[in-house]
S.K.: 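Provided herewith is a single structure, encoded as structure tokens, for subsequent inquiry.
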Amino acid sequence: MATSRDPSTVLEKKEARLKPPPMYEVALLNDDYTPMEFVVGVLQKFFGMGREKATQVMLKVHRDGRGVCGLYPKDVAATKVEQVSGYSRQHQHPLQCVMEEA
Ligand code: TYC
């Protein structure tokens, strides 16, 4: 039987406690219809970016097709995706927000 003095038991417990949670990238995808100004507003409202940073990220998405907005634990990332998707739908823009394990 394993006891608290058994070193293998101690190592196992420590590893389980210290393992970081998997993180998820939340990204925006480009499209031809969503106004640039709306995307900048989304990045400010939901990802806490200042106007300059938000503009840089929006332009990266516009140029490259995809851009990372932030890195979060799974539940936070899923909430961001829902919030941005709902907000875009409400405003009748096709902006796509996705998450992917980092
Ligand atoms: N391509 C869009 C336009 O020219 C702007 C845009 C940028 C749309 C980023 C989506 O995630 C996006 N109006």
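Note that ligands are numbered from 1 as they come in the structure, with each ligand's atoms numbered from 1 the same way. We count residues from 1, following the sequence as given. This structure is a prediction, so every number in the text was calculated from the model and none was measured.
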S.K.: Relative to ligand 1, is Leu29 under 4.0 angstrom through side chain, backbone, both or neither, heavy atoms considered?
M.R.: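 The part of Leu29 near ligand 1 is the backbone, not the side chain.
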S.K.: Among protein heavy atoms, which sits nearest to atom 2 (C) of ligand 1, and what does the distance come to when rounded to 0.1 Å?
M.R.: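 The closest one turns out to be Asp31 O, 3.2 Å.
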S.K.: Using distance alone, decide if ligand 1 has a nitrogen or oxygen within less than 3.5 Å of any nitrogen or oxygen in Asn30.
M.R.: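 Such a contact does occur with ligand 1.
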S.K.: What is the ring orientation for His93 with His91, classed by angle as parallel under 30°, tilted 30 to 60°, or perpendicular over 60°?
M.R.: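 Judged by the thresholds at 30° and 60°, the geometry between His93 and His91 is parallel.
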S.K.: Can you check whether His62 has an N/O within less than 3.5 Å of an N/O in ligand 1?
M.R.: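 Yes; at least one N/O pair falls below 3.5 Å.
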S.K.: Can you check whether Leu28 reaches Leu43 side chain to side chain, under 4.5 Å on heavy atoms?
M.R.: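 Yes, at least one pair of side-chain atoms sits under 4.5 Å.
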S.K.: Taking C-beta and beyond as the side chain, do Arg66 and Glu100 meet within less than 4.5 Å on heavy atoms?
M.R.: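 They are in contact (side-chain heavy atoms under 4.5 Å apart), so the answer is yes.
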S.K.: Considering the heavy atoms of Leu95, write down every atom of ligand 1 situated less than 4.0 Å from one of them.
M.R.: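 Contacts of ligand 1 toward Leu95, numbered from 1: 10 (C), 11 (O), 12 (C).
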S.K.: Among all protein heavy atoms, pick the one closest to atom 13 (N) of ligand 1 and tell me residue, atom and distance.
M.R.: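 Ranked first by proximity to atom 13 (N) of ligand 1 is Thr34 O, 2.9 Å.
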S.K.: CD of Glu101: more than 12 outside heavy atoms within 6.0 angstrom?
M.R.: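 Atom CD in Glu101 is packed in, count exceeds 12.
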S.K.: Looking at Thr79, Val76, Val81, which one forms a side chain to side chain contact (heavy atoms under 4.5 Å, CB included) with Met99?
M.R.: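 Answer to the side chain to side chain contact (heavy atoms under 4.5 Å, CB included) test with Met99 among Thr79, Val76, Val81: Val81.
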S.K.: Any sub-3.5 Å donor-acceptor pair from Lys80's side-chain atoms to Phe46's backbone N or O?
M.R.: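 At least one qualifying donor-acceptor pair exists.
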S.K.: Which protein heavy atom lies closest to atom 9 (C) of ligand 1, and at what distance to 0.1 Å?
M.R.: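 The protein heavy atom lying closest is Val61 CG1, 3.5 Å.
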